[in-house]
J.: 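Attaching a single structure in structure tokens format; questions to follow.
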Amino acid sequence: MNIDFALPPLREIEGTTSQALKERVGHMIRRYVRESSRDLATAVVRDLEALCQHPDYGRDSQERCAYRRLAKHWRWLSGNPSEVGYQEHFPATL
């Protein structure tokens with residue numbers, strides 16, 4: 001399966017189900033195992049950040065925390081420790 005890991009437009013992420021985001025992240029992680037790249041790691045971070053901010057996780061802080069830790073690891077793999085993703089569009093909610 002060929003996954004395009006370019007950042008989709010924000011309007012596409014806003015309408016994406018949490019399950020679809022999880023599946024996309026899973027595909028990208030499996031692809032990274034075969035052909036690692038900073039761009040792919042950055043795309044994983046972006047989708048994880050979008051998943052963290054998804055309305056489905058408004059009440060599940062433990063799962064959101066797990067995704068944030070995972071995003072931190074992938075941010076390190078991307079070689080870009082600064083924030084990447086949709087943070088400016090989806091402000092963190094605590």
J.: Only one of Met28, Arg31, Arg75 passes side chain to side chain contact (heavy atoms under 4.5 Å, CB included) with Val44; say which it is.
T.: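 Only one of Met28, Arg31, Arg75 forms a side chain to side chain contact (heavy atoms under 4.5 Å, CB included) with Val44, namely Met28.
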J.: Is a donor from one side chain sitting under 3.5 angstrom from an acceptor on the other, for His27 and Arg24?
T.: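 Result is no, nothing qualifies.
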J.: So how far is it from Arg68 CZ to Leu51 CG, rounded to the nearest 0.5 Å?
T.: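 Result: 10.0 Å between the selected atoms.
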J.: Give the minimum heavy-atom separation between Ala41 and Tyr32, together with the two atoms involved.
T.: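 What the structure gives for the nearest pair is CB-CE1, 4.0 Å.
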J.: Lys22: which residues meet the salt bridge (Lys or Arg N to Asp or Glu O under 4.0 Å) condition with it, sequence neighbours left out?
T.: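 For Lys22, the residues satisfying salt bridge (Lys or Arg N to Asp or Glu O under 4.0 Å) (neighbours in sequence not counted) are Glu63.
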J.: Give, for atom CG of Leu77 and atom OG of Ser37, the distance between the pair rounded to the nearest 0.5 Å.
T.: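 Interatomic distance, Leu77 CG to Ser37 OG, rounded to 0.5 Å: 10.5 Å.
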J.: Report the distance from atom OG1 of Thr42 to atom CG of Asp47, rounding to the nearest 0.5 Å.
T.: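 Interatomic distance, Thr42 OG1 to Asp47 CG, rounded to 0.5 Å: 11.5 Å.
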J.: Atom CD1 of Ile29 and atom CG of Leu70: how far apart are they, to the nearest 0.5 Å?
T.: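 The CD1 atom of Ile29 sits 5.5 Å away from the CG atom of Leu70.
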J.: Within this structure, what is the NE2-CG distance for the pair His73 and Leu48, rounded to the nearest 0.5 Å?
T.: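 The NE2 atom of His73 sits 10.5 Å away from the CG atom of Leu48.
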